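Since the structure comes first, as structure tokens, the remarks are kept for the end.
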Number of protein chains: 2
Amino acid sequence: MIAKTKPLAANDVASRLRDGIRMGRYVPGQRLVEADIIADTGATRSRVREALQRLATEGLVTIEEFRGASVKKLTLDEVRQIYRARMALEGLAAAEFATADKPDLKARLQAIQTEMDSGESTGDHEQFGRLNTAWHRLIIEGAGNDYVRAFLATLTVPIYRLLFSTFYNAQRIDAANADHRLITAAIVEGRAEDAERFMRAHVEQGFHSLSTIHSHFGN
Amino acid sequence: MIAKTKPLAANDVASRLRDGIRMGRYVPGQRLVEADIIADTGATRSRVREALQRLATEGLVTIEEFRGASVKKLTLDEVRQIYRARMALEGLAAAEFATADKPDLKARLQAIQTEMDSGESTGDHEQFGRLNTAWHRLIIEGAGNDYVRAFLATLTVPIYRLLFSTFYNAQRIDAANADHRLITAAIVEGRAEDAERFMRAHVEQGFHSLSTIHSHFGN
DNA sequence: CACAGGCGGATTGTCAACCATTTCGTCGCC
DNA sequence: GGCGACGAAATGGTTGACAATCCGCCTGTG
């Protein structure tokens, strides 16, 4: 990479805002005022506007005419739709990864799995959350489908905080890890159909656990 | 719609370019010069640039630094990835439509089906192409999942011309329509699993028919 | 005191002009 | 004919300005 002294490219501003939304620094419904972002990032207005446009096409923020950008609020039904799409796409990814001939990636998946197993009942939800995202991301990478990867990336961002909130229950962690074990084994052993079926069930289960907690879903 | 005297919004410019790419007015690899688009559409440069940026994030065009935008060339492997993603998402859409309680939409699907059946062996590939797109689009709409709809929209645009090229074979039309009949029946009768399985097989078959013709796939 | 209406600051939408940087064809020279 | 410099063309990006709109606040009236 090149170390530029330039202020900030539009991509950087977009990434920064994306992270801010993912990490909960910006809450749903909050307005993203151009001038504030300029003050924060030092980017020019055109850059900021371009970044906001990009986030809007990703569905992360909504732009209303003369009202500007605000972090998109998710309906429960929209969360459901996201999970259905994830079900189909991550299921596909698991199946493709299983049939792919990528021993090194499969070894890494197995490594993450054993790490999750070892720290399973410690109840460290933060560590499990990290391993969980790494596990999912590795499967997506293993599928080798860039379109699927891009779609899933945009699907995962708006529900990132919600994902973590489900793991505050130790029982849920154990259940999720049991799913993970099944899926990891199926992928490593090349059983594509099993991998897909288990992954779909896993994602669906994730939505059910989530919808029982659904607290914030503004209107 | 509102009849504005304004020149052209960025969205309009993007749609126009999208249609141009879909219809083959712009061929893969062709450069999209800002000044030409300005002359064509009457939009300002900022609009045009914004539109091109948007198309770039959609993956329709590639932007190289100081070289500008050009219509993206698709590798055969990329086409395969698109079809795999379509398989998963349209399969999901068929299943969701089957379980949904939308009698009017299902009736419209049946209507399109009978129209396709009636004109099946006439070999009118253009009409079949139109009905085919209407059929697929209706199923996506029937699923009621906006994320899936958006993803499939961006997936379908770059392969639109290729879709039509497979229908220049009357035999292929008959085979495709046989698939359609199975899927339509499954959706109308609410058999979600069948609808999904048949739709996945249908999309996969579409890729196979296409890959036997693969002539243009620059590099 | 309640409320309708207007006023002005704040924010966004849009454009035009400007300059730097790079690409690429062309022309002259060897 | 080949090669290098030059300049037009195209893009990347910034700045400033102005219009349109929203929203809080203030005032006048009943």
Side-chain angles (χ1 to χ4, degrees), chain A residues 1-17 20-21 26-73 218-219, chain B residues 1-18 20-21 25-73 218-219:
Chain A
M1 284 297 149
I2 313 115
K4 297 191 177 182
T5 47
K6 285 183 181 179
L8 263 184
N11 260 329
D12 300 326
V13 178
S15 302
R16 189 149 166 169
L17 291 174
I21 293 174
Y26 304 111
V27 297
Q30 179 174 347
R31 288 186 58 183
L32 300 173
V33 181
E34 292 177 2
D36 296 349
I37 301 172
I38 293 174
D40 279 359
T41 63
T44 60
R45 193 150 94 104
S46 32
R47 303 273 210 177
V48 171
R49 289 178 61 80
E50 184 183 335
L52 289 175
Q53 290 283 351
R54 195 166 306 188
L55 295 183
T57 67
E58 291 177 15
L60 255 182
V61 308
T62 61
I63 296 184
E64 294 167 280
E65 185 139 16
F66 297 106
R67 300 270 327 268
S70 52
V71 182
K72 181 170 168 59
K73 288 181 181 177
N219 113 304
Chain B
M1 283 298 147
I2 315 116
K4 298 190 177 183
T5 46
K6 286 183 179 179
L8 262 184
N11 259 329
D12 300 326
V13 178
S15 301
R16 188 147 166 173
L17 291 174
R18 231 189 317 260
I21 293 174
R25 188 176 152 214
Y26 304 112
V27 297
Q30 178 174 346
R31 289 186 57 180
L32 301 173
V33 181
E34 293 178 2
D36 296 349
I37 301 172
I38 292 174
D40 279 0
T41 63
T44 59
R45 195 154 94 102
S46 33
R47 304 274 211 176
V48 171
R49 299 187 89 241
E50 184 182 335
L52 290 175
Q53 289 284 350
R54 196 167 304 190
L55 295 183
T57 67
E58 290 178 16
L60 254 181
V61 309
T62 60
I63 295 183
E64 294 167 281
E65 183 136 14
F66 298 106
R67 300 271 324 267
S70 52
V71 183
K72 180 170 168 61
K73 289 181 181 177
N219 116 301

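Residue numbering restarts at 1 for every chain, and letters A, B, ... go by the order of the sequence lines. A quick note: this is a predicted structure, and the numbers were derived from the prediction, not measured.
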Exercise for review: For B/D36 and for B/Q53, find the nucleotide of DNA chain D with the closest heavy atom, then tell me which residue's nucleotide is more 5'.
Suggested key: B/D36
Review point. Roughly, in whole Å, what's the span from CD1 in A/I38 to C1' in D/dT14?
Key: 12 Å
Check your understanding: Hey, mind stepping through B/R54 and B/E58 against salt bridge (charged side-chain N to carboxylate O under 4.0 Å, His left out) and telling me if it holds?
Key -> CA-CA 6 Å; B/R54 196 167 304 190; B/E58 290 178 16; over 6 Å; no
Exercise for review: Respond yes when some side-chain nitrogen or oxygen of B/T44 is under 4.0 Å from OP1 or OP2 of C/dC15, and no when none is.
Suggested key: yes
Practice item. Kindly compute the distance separating OG1 (A/T57) from CD (B/Q53), expressed to the nearest 0.5 Å. Key: 10.5 Å
Review point. Below 3.5 Å, does any donor atom in the side chain of B/R45 face an acceptor in the base of D/dG13, or the other way round?
Key: yes
Practice item. Classify the nucleic acid contact of B/I63 as base, sugar-phosphate or nothing, counting any heavy atom under 4.0 Å across all strands shown. Key: sugar-phosphate
Practice item. Tell me which nucleotide among C/dG13, D/dT11, D/dG13 gets nearest to the side chain of B/V33. Key: D/dT11
Review point. Tell me: CD of B/E50 to C1' of C/dT12, nearest whole Å?
Key: 13 Å
**Study point:** Residue B/E65, side-chain atoms from C-beta onward, closest of D/dG12, C/dC15, D/dC22
**Key:** D/dG12
Exercise for review: Answer whether the closest heavy-atom distance between the side chains of B/V61 and B/I21 falls below 4.5 Å.
Suggested key: yes
Review point. Just how far, in rounded Å, is C1' of D/dT21 from CD of A/E64?
Key: 13 Å
Practice item. Report the distance from atom CZ of B/R31 to atom C1' of D/dA9, rounded to the nearest whole Å. Key: 10 Å
Exercise for review: Would you kindly give the CG-to-C1' distance between A/L32 and C/dT11, to the nearest whole Å?
Suggested key: 13 Å
Review point. Rounded to whole angstrom units, what separation is found between the CZ atom of A/F66 and the P atom of C/dG13?
Key: 7 Å
Check your understanding: With a non-hydrogen cut-off below 4.0 angstrom, is B/L52 in contact with a base, only sugar-phosphate, or nothing?
Key -> nothing
Check your understanding: Got A/E34 and A/L52 here, is their nearest side-chain heavy-atom distance under 4.5 Å?
Key -> yes
Point to revise | Any B/R67 side-chain nitrogen or oxygen under 4.0 Å from OP1 or OP2 of C/dC24 | key: yes
Check your understanding: If you measure from CG on B/L17 to CG on B/L32, what distance do you get to the nearest 0.5 Å?
Key -> 6.5 Å
Study note, to complete from the structure: Side-chain contact check for B/S46: nearest option of D/dT14, C/dC15, C/dT23 is C/dC15
Point to revise | A/R49 side chain near C/dT12 phosphate (N/O to OP1/OP2, under 4.0 Å) | key: no
